[in-house]
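Beneath this line is the structure, given in structure tokens, with notes to follow.
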Amino acid sequence: MEEVLIKDLFRDPDSYLHRHFHVSGWVRTLRVSKTFGFIELNDGSFFRNLQVVFTDNLPNFEEVAKLPIATALRIEGQLVESPGAKQPWEMQATRIEVEGLSHSDYPLQKKRHSLEYLRTIAHLRPRSNTFSAVFRLRSLAAYAIHRFFQERNFVYVHTPIITGSDCEGAGQMFRVTTLDFPDYPRDEQGAVDFSQDFFGKETNLTVSGQLEAEAFCLAFRKVYTFGPTFRAENSNTPRHAAEFWMVEPEIAFADLYEDMALAEAMLKYILSYCLEQAPEEMEFFSRFIDPGLLPRLEHVINSDFGVVTYTEAIELLKKSGQSFNYPVEWGADLQTEHERYLTEQIFKKPVFVINYPKEIKAFYMRLNDDGRTVAAMDLLVPGVGEIIGGSQREERLPLLEARMKECGLDYKDYWWYLDLRKYGGTKHAGFGLGFERAIMYLTGIANIRDVIPFPRTVKAAEF
RNA sequence: UCCUCGAUAGCUCAACGGUAGAGCACCCGGCUGUUAACCGGGUGGUUGUUGGUUCGAAUCCAACUCGGGGAGCCA
């Protein structure tokens with residue numbers, strides 16, 4: 001007998017109606033009367049459940065009537081029109097086989113659970129409606145990203161996860177070592193002797209693939225990375241994780257404006273793709289997680305992102321009359337409250353803030369002609385804040401060296417990075433998209449722990 | 001790391017110095033079209049941990065642990 005996926009039933013019910021076939025899946029809920037009952041079955045292929053009707057014509061009716069939630073079943077039957085209001089059709093079961101019994105203390109109940117509670121059962125939460133929707137969407141969004149770049153002839157680069165650059169400058173790193181704790185080999189000064197370590201030098205988990213991506217960019221013209229990234233920061237917020245995924249495109253012969261155009265096109269592509277491919281999931285988020293999500297995303301797709309220079313942003317914030325906890329002043333970094341006000345109150349849509357003072361940005365960003373700002377851009381979005389950070393890179397060797405000196409960096413740690421400027425260097429630009437932050441924006445989920453299958457955050461790696 | 005709020009049954013919460021409760025879940029029974037089904041009955045607690053105040057602490061105090069929100073760091 002033919003095995004049918006519930007997704008296929010929902011997408012093309014007419015070709016299955018009045019036909020016999022079998023489905024297999026897990027009991028989401030079960031309701032019984034004396035001589036008949038209903039099972040809502042989810043087979044993992046689709047967000048919605050199939051309603052199965054069974055009667056005491058089944059030899060194992062009594063057994064089926066008492067099945068606990070989450071039991072795995074194989075059901076034979078035929079698809080028929082349903083008299084019920086909530087579904088146009090249902091399966092009339094002729095045979096129900098128990099594949100794997102569940103237990104009555106199954107922790108997921110037929111009612112709404114808090115996201116905090118579900119986090120404590122991370123191995124079971126993908127079976128809940130919310131997480132079923134979140135993780136299917138996460139998968140689609142990842143595919144959308146690859147499609148977007150591949151369609152535009154970008155080359156996908158696997159930059160290393162273990163890095164030997166000991167000063168990438170983007171925060172605390174996790175050390176990678178095979179040295180025995182606590183009996184580290186010591187050198188004459190008593191310091192840890194990393195020459196005896198696996199790689200013969202100090203190594204860490206990467207905080208960014210950008211520097212390596214630049215090397216490939218200057219060979220393949222348009223490249224992107226998409227992989228895990230690690231920060232050992234003691235961050236306790238709903239927006240930070242110790243392990244997260246980042247997308248980092250890098251384009252040659254391009255300036256900051258082309259970089260921004262790329263970022264905007266990419267984000268809109270991901271949104272459109274997900275709305276198109278996962279309408280049920282997106283509808284669910286808009287109903288239960290974040291009312292107003294769908295209109296907002298549609299608005300973003302159909303409108304141009306705002307662009308404002310850092311200097312203009314400072315003026316706008318000063319003129320707003322809004323009182324902030326932190327003073328608004330040229331030269332100081334924008335605080336979260338300033339960023340939120342800009343994107344949520346003034347622009348009410350995603351906005352690029354560009355040309356920041358060089359003192360508050362990384363060494364590799366290209367110095368503007370004014371000599372005091374760099375060609376950097378942050379994309380701020382309502383509700384999430386900074387979702388993308390990027391820049392045009394400094395391609396002029398003397399200027400790059402001067403900036404590194406100012407920042408107290410040692411040339412010899414970056415010898416290969418500097419070589420890129422020496423041998424046919426050209427203007428180029430790129431950005432980093434926090435993948436989870438994009439998922440948060442896309443779903444309305446407010447905590448990054450709820451868009452990562454098994455999240456790693458400070459003091460939390462249970463699963 | 002800092003500020004702030006919280007932790008009571010499996011889950012969501014009530015009780016705010018004087019015998020610890022409800023809804024849901026679970027168990028038993030009823031119900032011929034249910035939709036977080038419904039109706040009746042039942043089981044279920046060292047009130048996060050440790051210490052203190054008090055005749056008496058879920059309730060007041062302290063520390064710790066864990067969680068929420070805000071800040072810093074950033075993606």
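To find a chain, count down the sequence lines: A is the first, B the second, and so on, and within it residues start at 1.
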Please list residues of [range] whose heavy atoms come under 4.0 Å from any atom in RNA chain B, ordered by number; otherwise none.
{"range": "residues 103-117 of chain A", "answer": "A/Ser104, A/Gln109, A/Lys110, A/Lys111, A/Arg112, A/His113, A/Ser114, A/Glu116, A/Tyr117"}
{"range": "residues 281-292 of chain A", "answer": "none"}
{"range": "residues 330-347 of chain A", "answer": "A/Gln335, A/Thr336"}

| task | Determine which pairs satisfy salt bridge (Lys or Arg N to Asp or Glu O under 4.0 Å) with at least one residue from residues 75-87 of chain A, sequence neighbours left out, and list them in order. | result | A/Arg74-A/Glu76, A/Glu76-A/Arg95
| note | The complete set of salt bridge (Lys or Arg N to Asp or Glu O under 4.0 Å) pairs with one or both residues in residues 443-461 of chain A, sequence neighbours excluded, reads A/Arg119-A/Asp450, A/Arg125-A/Asp450
| said: What does the 5'-to-3' dot-bracket notation of RNA chain B look like when only Watson-Crick and G-U wobble pairs under 3.5 Å count, and pairs to other strands show as |? | reply: (((((((..((((....[..)))).(((((.......))))).....(((((..]....))))))))))))....
| Sequence neighbours excluded, which residues qualify as salt bridge (Lys or Arg N to Asp or Glu O under 4.0 Å) partners of A/Glu243? |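 None.
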Only counting residues at least two apart or in another chain, list the ones meeting ring pair (Phe, Tyr, Trp, His ring centres under 6.0 Å) with [X].
{"X": "A/Tyr441", "result": "none"}
{"X": "A/His18", "result": "none"}
{"X": "A/Tyr16", "result": "A/Phe21"}
{"X": "A/Phe36", "result": "A/Phe38"}

Could you run down the sub-3.5 Å N/O contacts of the protein with nucleotides 32-34 of chain B?
from, atom 1, to, atom 2, distance (Å)
B/G33, N1, A/Glu90, OE2, 2.7
B/G33, N2, A/Gln51, NE2, 3.4
B/G33, N2, A/Glu90, OE1, 2.4
B/G33, N2, A/Glu90, OE2, 3.0
B/U34, O2', A/Arg31, NE, 3.0
B/U34, O2, A/Arg31, NE, 2.8
B/U34, O2, A/Arg31, NH2, 2.8
B/U34, N3, A/Gln51, OE1, 3.0
B/U34, N3, A/Gln51, NE2, 3.1
B/U34, O4, A/Gln51, NE2, 2.6
B/U34, O4, A/Gln87, NE2, 3.0

| said: What contact category does A/Tyr326 fall into here, base, sugar-phosphate, or nothing, at under 4.0 angstrom with non-hydrogen atoms? | reply: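 The answer is sugar-phosphate, as A/Tyr326 gets under 4.0 Å only of primed atoms, P, OP1 or OP2.
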| query | Looking across every strand, which nucleic acid part, if any, lies under 4.0 Å from A/Ala438 by heavy atom: base, sugar-phosphate, or nothing? | reply |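 No contact.
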